[in-house]
> 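Got a structure for you, written out below as structure tokens; questions coming shortly.
Whatever order the structure lists them in is the order used to number ligands and atoms, beginning at 1. Everything numeric in this text was worked out from a predicted model, so none of it was measured.
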Amino acid sequence: MNVQHSYSASLNAARRARELAALREAAGRPEPVVDVLVVGGGVTGAGVALDAASRGLSVVLAEKHDLGFGTSRWSSKLVHGGLRYLASGAVGIAHESAVERGVLMERTAPHLVRALPQIVPLLPGTGLSGAALVRTGFLAGDALRIAARTPSGTLPRSRRLSRAEVLRYAPTVDAAGLRGGLVFWDGQLTDDARLVTAIARTAAAHGAQVLTRCSVSDATGNGATLTDELTGESFPLRAAMVVNAAGVWAGEVTTGITLRPSRGTHLVFRQEAFGGMTAGLTIPIPGETNRFVLALPAPDDRVYVGLTDEEAPGPIPDVPEPTDAEIEFLLRTLNTALRAPLSREDVIGVFAGLRPLLDTGSGRTADVSRKHAVLTAPDGLVTVVGGKLTTYRRMAEDALDAVLTANGRTAAPCRTRSLPLVGAADRATLSHVKAPLRLVQRYGTEAVDVLAEAGGDPALLRPIAPGTQTTMAELRYAVRHEGALDASDLLDRRTRIGLAPEARAAALKAAEAALAD
Ligand SMILES: Cc1cc2nc3c(=O)[nH]c(=O)nc-3n(C[C@H](O)[C@H](O)[C@H](O)COP(=O)(O)OP(=O)(O)OC[C@H]3O[C@@H](n4cnc5c(N)ncnc54)[C@H](O)[C@@H]3O)c2cc1C
């Protein structure tokens with residue numbers, strides 16, 4: 001299934017320096033130096049870079065901080081079929097989501113997405129009509145999956161669960177009055193920031209120049225100023241086409257874009273607080289219809305609990321902060337389903353992200369459409385915002401088609417629907433990769449290359465610190481092949497150790513050692 005490339009998928013400081021130097025040198029030329037300049041290295045920008053490079057265009061992706069620095073790393077890490085959109089009547093978005101979920105799970109990233117059972121426990125608070133509504137929703141989700149041609153071997157059909165089954169999946173659910181439950185299956189990413197890195201590396205394997213710590217200013221339809229954030233040096237870059245994929249910062253890159261950011265917060269717990277839960281737990285928010293709090297099993301024996309939807313006006317911070325009220329709300333809702341309540345002492349980390357929603361002037365941010373928007377400025381600059389991780393590929397395809405049209409250019413047809421990301425292979429092949437399952441779920445077929453980083457030294461394959469299973473071999477691999485330039489890249493994006501500050505502090509020394517190697 002792997003494609004042969006003439007470029008390497010490896011990103012590292014040496015490649016970045018080489019590519020930046022060549023671009024700086026070409027800065028004086030009057031003609032465009034590249035076909036497409038992509039602004040922003042989140043899931044959307046990485047997707048656009050891959051779409052363009054795999055259509056045969058030359059590409060520069062400029063990211064101010066690091067791959068996956070923005071909203072893309074603060075998501076719930078679900079590849080979802082759009083059940084929620086269906087409930088609000090947005091059939092088109094729901095179908096698009098379900099199709100893209102299938103593309104990721106079956107072709108482009110089977111190694112990074114697994115089928116996750118998600119259960120709704122039928123507690124005394126969930127009346128018969130509430131249960132019937134959830135069941136109807138799940139059946140609609142099955143229909144959506146079938147319409148998207150995703151087989152039940154990839155995502156099993158929804159069904160009713162006995163009381164014992166619910167407690168097997170989620171041992172800490174309140175058993176008093178529990179009538180059983182309902183289960184449906186959706187996709188779950190190993191990690192969102194790792195998906196972004198995989199897309200960007202695949203783009204690099206098709207020749208895209210992926211430049212982190214490189215910010216864009218003065219963007220127009222045919223170029224921008226690039227600044228190397230490590231040296232402070234700036235130079236102009238002429239491009240035949242420019243795509244603004246700066247997410248919640250898109251309005252700072254170009255004029256005429258007004259966003260209405262909405263903050264979503266998650267809490268991080270240890271798995272032991274949930275008794276080793278193996279399914280996602282879906283808990284209805286009291287007093288709301290069709291809104292839930294989710295508890296999701298996560299790598300490194302953690303559980304993420306989210307999420308909120310709060311209007312977040314004002315200047316956009318680099319790293320959004322959850323409020324106390326959000327933390328309390330999540331704990332309160334979670335505890336309606338648990339036998340013994342969890343408290344703030346059980347929380348080992350919190351994180352928040354800003355949804356890049358377009359300002360449509362409608363009521364609550366929770367009601368603003370999650371459909372992506374592609375906006376073309378009079379000078380041909382195209383901005384792509386909104387949407388979600390699940391639909392990044394479709395967003396990228398739409399953005400590239402728009403920028404080609406706006407600039408009167410052509411390229412080969414879009415190929416990304418069947419283009420595997422680095423490390424991807426079908427499930428049968430993945431099951432034979434000679435590496436621990438944990439590594440296969442993070443690196444796919446490249447897991448053997450990660451093992452090779454250890455050079456036969458077993459110490460490099462042991463966890464680097466308490467609270468994480470990450471090994472030194474992975475950190476080395478991230479520096480040599482995944483574009484990690486500093487300790488934060490390693491701890492907060494290539495691995496997610498940083499989601500629990502105590503574990504991050506314990507792992508910092510190892511990260512510094514990996515960079516010094
Ligand atoms: C709490 C929450 C939960 C979510 N959960 C899910 C989920 O489970 N499943 C799902 O499918 N979707 C989910 N989403 C939606 C999804 O996360 C976002 O739609 C998506 O990540 C947006 O990606 P992006 O690339 O457009 O933006 P970003 O990831 O924010 O990327 C923009 C990038 O642009 C860079 N940048 C900014 N300015 C400049 C500049 N001047 N020059 C260069 N670079 C610049 C930034 O550093 C950033 O890296 C969730 C969103 C939130 C907030």
Side-chain angles (χ1 to χ4, degrees), residues 37-49 60-82 84-85 93 96-97 100-101 104 113 116 186-189 191-193 195-196 199-200 211-219 224-229 242-254 259 261-266 280 294 296 304 306-310 312 316-320 322 326 330 350-358 365 370-373 383-396 399 493:
L37 166 65
V38 183
V39 188
V43 75
T44 311
V48 174
V60 167
L61 180 154
E63 159 57 49
K64 186 174 184 176
H65 303 279
D66 181 28
L67 295 171
F69 180 88
T71 303
S72 296
R73 71 173 148 146
W74 305 126
S75 80
S76 304
K77 295 133 185 51
L78 293 175
V79 169
H80 48 73
R84 219 195 113 191
Y85 312 118
I93 313 184
E96 184 177 277
S97 255
E100 293 302 324
R101 175 183 64 184
L104 275 159
V113 191
L116 174 77
D186 220 338
Q188 184 186 34
L189 283 162
D191 184 59
D192 44 12
L195 173 69
V196 177
I199 300 168
L211 305 171
T212 58
R213 304 297 188 304
C214 183
S215 65
V216 171
S217 52
D218 309 322
T225 302
L226 264 52
T227 302
D228 180 346
E229 293 289 328
V242 178
V243 177
N244 171 14
V248 81
W249 297 274
E252 294 174 5
V253 170
T254 182
L259 295 178
S262 136
R263 191 177 49 250
T265 288
H266 288 84
L294 305 175
L296 301 161
Y304 304 142
L307 73 171
T308 58
D309 199 325
E310 295 289 322
I316 296 155
D318 279 354
V319 177
E326 286 176 288
L330 290 172
V350 291
F351 63 91
L354 297 176
R355 297 176 186 84
L357 304 180
L358 261 194
T365 50
R370 264 48 172 177
K371 172 115 190 83
H372 64 273
T383 297
V384 51
V385 282
K388 49 202 163 294
L389 284 159
T390 309
T391 53
Y392 82 91
R393 194 207 62 78
R394 181 60 198 274
M395 294 170 68
R493 287 167 293 276

> Regarding atom 51 (C) of ligand 1: of the candidates Arg355, His65, Lys388, which has the closest heavy atom?
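Result: the heavy atom closest to atom 51 (C) of ligand 1 is in Arg355.
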
> From atom 50 (C) of ligand 1, work out which of Ser75, Ala46, Ser97, Gly42 has a heavy atom at the shortest distance.
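When every heavy atom of Ser75, Ala46, Ser97, Gly42 is considered, Ser75 comes closest to atom 50 (C) of ligand 1.
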
> I'd like to check whether Leu389 has a polar contact with ligand 1, where a contact means an N/O of the residue lying under 3.5 Å from an N/O of the ligand.
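Yes; at least one N/O pair falls below 3.5 Å.
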
> Which atoms from ligand 1 have a heavy atom of Gly353 less than 4.0 Å away?
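Once the distances to Gly353 are compared, the set is 53 (C).
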
> Quick one: which ligand 1 atoms are inside 4.0 Å of a heavy atom on Ala245?
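Heavy-atom distances to Ala245 below 4.0 Å select 32 (C).
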
> When you measure from atom 29 (O) of ligand 1 to every protein heavy atom, which one gives the shortest distance, and what is it?
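Residue, atom and distance for the closest contact: Ser72 OG, 2.6 Å.
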
> Quick one: look up the protein heavy atom nearest atom 36 (N) of ligand 1 and list residue, atom name and how far away it is.
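Heavy-atom neighbour on the protein nearest atom 36 (N) of ligand 1: Ala246 CB, 4.1 Å.
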
> Using the rule given for side-chain contact (heavy atoms from CB on, under 4.5 Å), can you reason through Asp318 versus His65, listing the C-alpha separation, both sets of side-chain angles and the distance that settles it, and then say yes or no?
CA-CA 10 Å; Asp318 279 354; His65 303 279; 3.6 Å; yes

> If we only count N/O pairs under 3.5 Å, is Ser262 in contact with ligand 1?
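Between Ser262 and ligand 1 (N or O atoms, distance only) the closest approach is not under 3.5 Å.
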
> Short N/O distance, under 3.5 Å, between Gly68 and ligand 1?
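Between Gly68 and ligand 1 (N or O atoms, distance only) the closest approach is not under 3.5 Å.
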
> Please check if the side chain of Asn244 supplies one atom and the backbone of Val39 the other of a donor-acceptor pair under 3.5 Å.
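No, Asn244 side chain to Val39 backbone: no donor-acceptor pair under 3.5 Å.
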
> Give me the residue, atom name and distance of the protein heavy atom closest to atom 48 (C) of ligand 1.
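Going by distance alone, atom 48 (C) of ligand 1 is nearest to Glu63 OE1, 3.4 Å.
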
> Examine the proximity of ligand 1 to Ala62 and report which part, side chain or backbone, both or neither, has a heavy atom under 4.0 Å away.
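Within the 4.0 Å criterion, Ala62 contacts ligand 1 through backbone atoms alone.
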
> Looking only at distance, does Thr390 have an N or O less than 3.5 Å from an N or O of ligand 1?
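N/O-N/O distance below 3.5 Å exists for this pair.
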
> State the atoms of ligand 1, each with its element, that fall below the 4.0 Å cut-off from a heavy-atom position in Gly264.
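Numbered from 1, ligand 1 contributes 1 (C).
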
> Distance under 4.0 Å to a non-hydrogen atom of Gly387: what atoms of ligand 1 satisfy this?
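Numbered from 1, ligand 1 contributes 19 (O).
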
> Measure from the side-chain N and O atoms of Thr225 to the backbone N and O of Asp218, and report whether any donor-acceptor pair falls under 3.5 Å.
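Side chain of Thr225 to backbone of Asp218, a donor-acceptor pair under 3.5 Å: no, none is there.
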
> In the protein, which heavy atom is nearest to atom 5 (N) of ligand 1, and how far is it?
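Here the nearest protein heavy atom works out to Ser76 N, 3.0 Å.
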
> For ligand 1, which is the ligand I care about here, please tell me if Trp74 has any N or O atom under 3.5 Å from one of the ligand's N or O atoms.
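Min N/O separation from ligand 1 is not below 3.5 Å for Trp74.
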
> Quick one: does Thr71 get an N or O within less than 3.5 Å of an N or O on ligand 1?
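Yes: some nitrogen or oxygen of Thr71 is under 3.5 Å from one in ligand 1.
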
> I need the Lys388 NZ to Thr71 OG1 distance, nearest 0.5 Å.
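So the gap between those two atoms works out to 14.5 Å.
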
> Indicate, as side chain, backbone, both or neither, the part of Leu307 found under 4.0 angstrom from ligand 1 when only non-hydrogen atoms are considered.
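The answer is the side chain.
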
> Distance-only, no hydrogens or angles: does the Thr390 side chain make a donor-acceptor pair with backbone N or O of His80 under 3.5 Å?
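Such a contact is found between Thr390 side chain and His80 backbone.
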
> Do Glu96 and Thr391 have side-chain atoms, one donor and one acceptor, less than 3.5 Å apart?
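Not at all, the side chains of Glu96 and Thr391 share no donor-acceptor pair under 3.5 Å.
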
> Any nitrogen or oxygen of Thr44, main chain or side chain, under 3.5 Å from a nitrogen or oxygen of ligand 1?
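So ligand 1 has an N or O lying under 3.5 Å from an N or O of Thr44.
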
> Is it true that a side-chain atom of Thr44 and a backbone atom of Ala245 form a donor plus acceptor pair closer than 3.5 Å?
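No, Thr44 side chain to Ala245 backbone: no donor-acceptor pair under 3.5 Å.
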
> Among Val385, Leu67, Val216, which one has a heavy atom closest to atom 42 (N) of ligand 1?
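The nearest heavy atom belongs to Val216.
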
> Given the rule in the side-chain contact (heavy atoms from CB on, under 4.5 Å) test, do Leu307 and Arg355 qualify, once you have shown the distances and angles that lead to the verdict?
CA-CA 12 Å; Leu307 73 171; Arg355 297 176 186 84; 3.2 Å; yes

> Taking distance alone, with no angle check, do Leu78 and ligand 1 share an N/O pair under 3.5 Å?
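Yes.
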
> Side chain or backbone of Leu354 under 4.0 Å from ligand 1, or both, or neither, by non-hydrogen atoms?
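Contact part for Leu354 vs ligand 1: backbone (N, CA, C, O).
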
> Closest non-hydrogen protein atom to atom 27 (O) of ligand 1, residue and atom name please, with distance?
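Checking every protein heavy atom, the shortest distance to atom 27 (O) of ligand 1 gives Gly247 CA, 3.6 Å.
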
> Of the protein's non-hydrogen atoms, which lies at the shortest distance from atom 45 (C) of ligand 1, and what is that distance?
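It is Lys64 CB, 3.7 Å.
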
> Taking only heavy atoms of Gly40 into account, list the atoms of ligand 1 that are under 4.0 Å away from them.
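With Gly40 as reference, the close atoms of ligand 1 come out as 33 (C), 34 (O), 35 (C), 44 (N).
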
> Side-chain contact test, heavy atoms from C-beta onward, threshold under 4.5 Å: evaluate it for Val319 versus Trp74 and give yes or no.
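Yes. Closest side-chain heavy atoms under 4.5 Å.
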
> Using 30° and 60° as the class boundaries, would you call the ring planes of Tyr304 and His266 parallel, tilted or perpendicular?
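Rings of Tyr304 and His266: perpendicular, as their planes differ by over 60°.
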
> Give me the nearest non-hydrogen protein atom to atom 38 (N) of ligand 1 as residue plus atom name, then the distance to 0.1 Å.
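It is Trp249 CB, 3.7 Å.
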
> With a 4.0 Å cut-off on N to O distance, would you call Asp192 and Arg73 a salt bridge?
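Salt bridge flag = no for Arg73 with Asp192.
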
> Got a second to check how far Leu195's CG is from Leu67's CG, nearest 0.5 Å?
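Answer for the CG-CG pair, Leu195 versus Leu67, is 11.5 Å.
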
> Please could you name the atoms of ligand 1 that Lys77 approaches to less than 4.0 Å, counting only its heavy atoms?
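Atoms satisfying the 4.0 Å criterion: 8 (O).
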
> Heavy-atom distances under 4.0 Å decide this one: backbone, side chain, both or neither, for Tyr392 against ligand 1?
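It is neither; nothing of Tyr392 touches ligand 1.
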
> Between Asp66 (side chain) and Thr212 (backbone), is there a donor-acceptor pair under 3.5 Å?
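Between the backbone of Thr212 and the side chain of Asp66 there is no qualifying donor-acceptor contact (under 3.5 Å).
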
> Evaluate the criterion side-chain contact (heavy atoms from CB on, under 4.5 Å) for residue pair Leu78 and Asp186; output intermediate values, then yes/no.
CA-CA 8 Å; Leu78 293 175; Asp186 220 338; 5.7 Å; no

> Do Arg263 side-chain atoms and Gly353 backbone N/O form a donor-acceptor pair below 3.5 Å?
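No, because the side chain of Arg263 does not come within donor-acceptor range (under 3.5 Å) of the backbone of Gly353.
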
> Please list, in number order, the atoms of ligand 1 under 4.0 Å from a heavy atom of Val39.
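Those of ligand 1 that fall under 4.0 Å from Val39 are 42 (N), 43 (C).
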
> Which one holds for Ala352 and ligand 1: side chain close, backbone close, both close, or neither close, with close meaning a heavy atom under 4.0 Å?
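It is neither part, as no heavy atom is under 4.0 Å.
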
> For a 4.5 angstrom cut-off between non-hydrogen side-chain atoms, does Lys64 reach Val216?
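Sidechains of Val216 and Lys64: no contact.
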
> Nearest 0.5 Å, please: how far is CG in Leu211 from CG in Leu226?
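It comes to 7.0 Å.
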
> Could you tell me whether some N/O pair between Thr265 and ligand 1 is separated by less than 3.5 angstrom?
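Among all N and O atoms of Thr265, none is under 3.5 Å from an N or O of ligand 1.
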
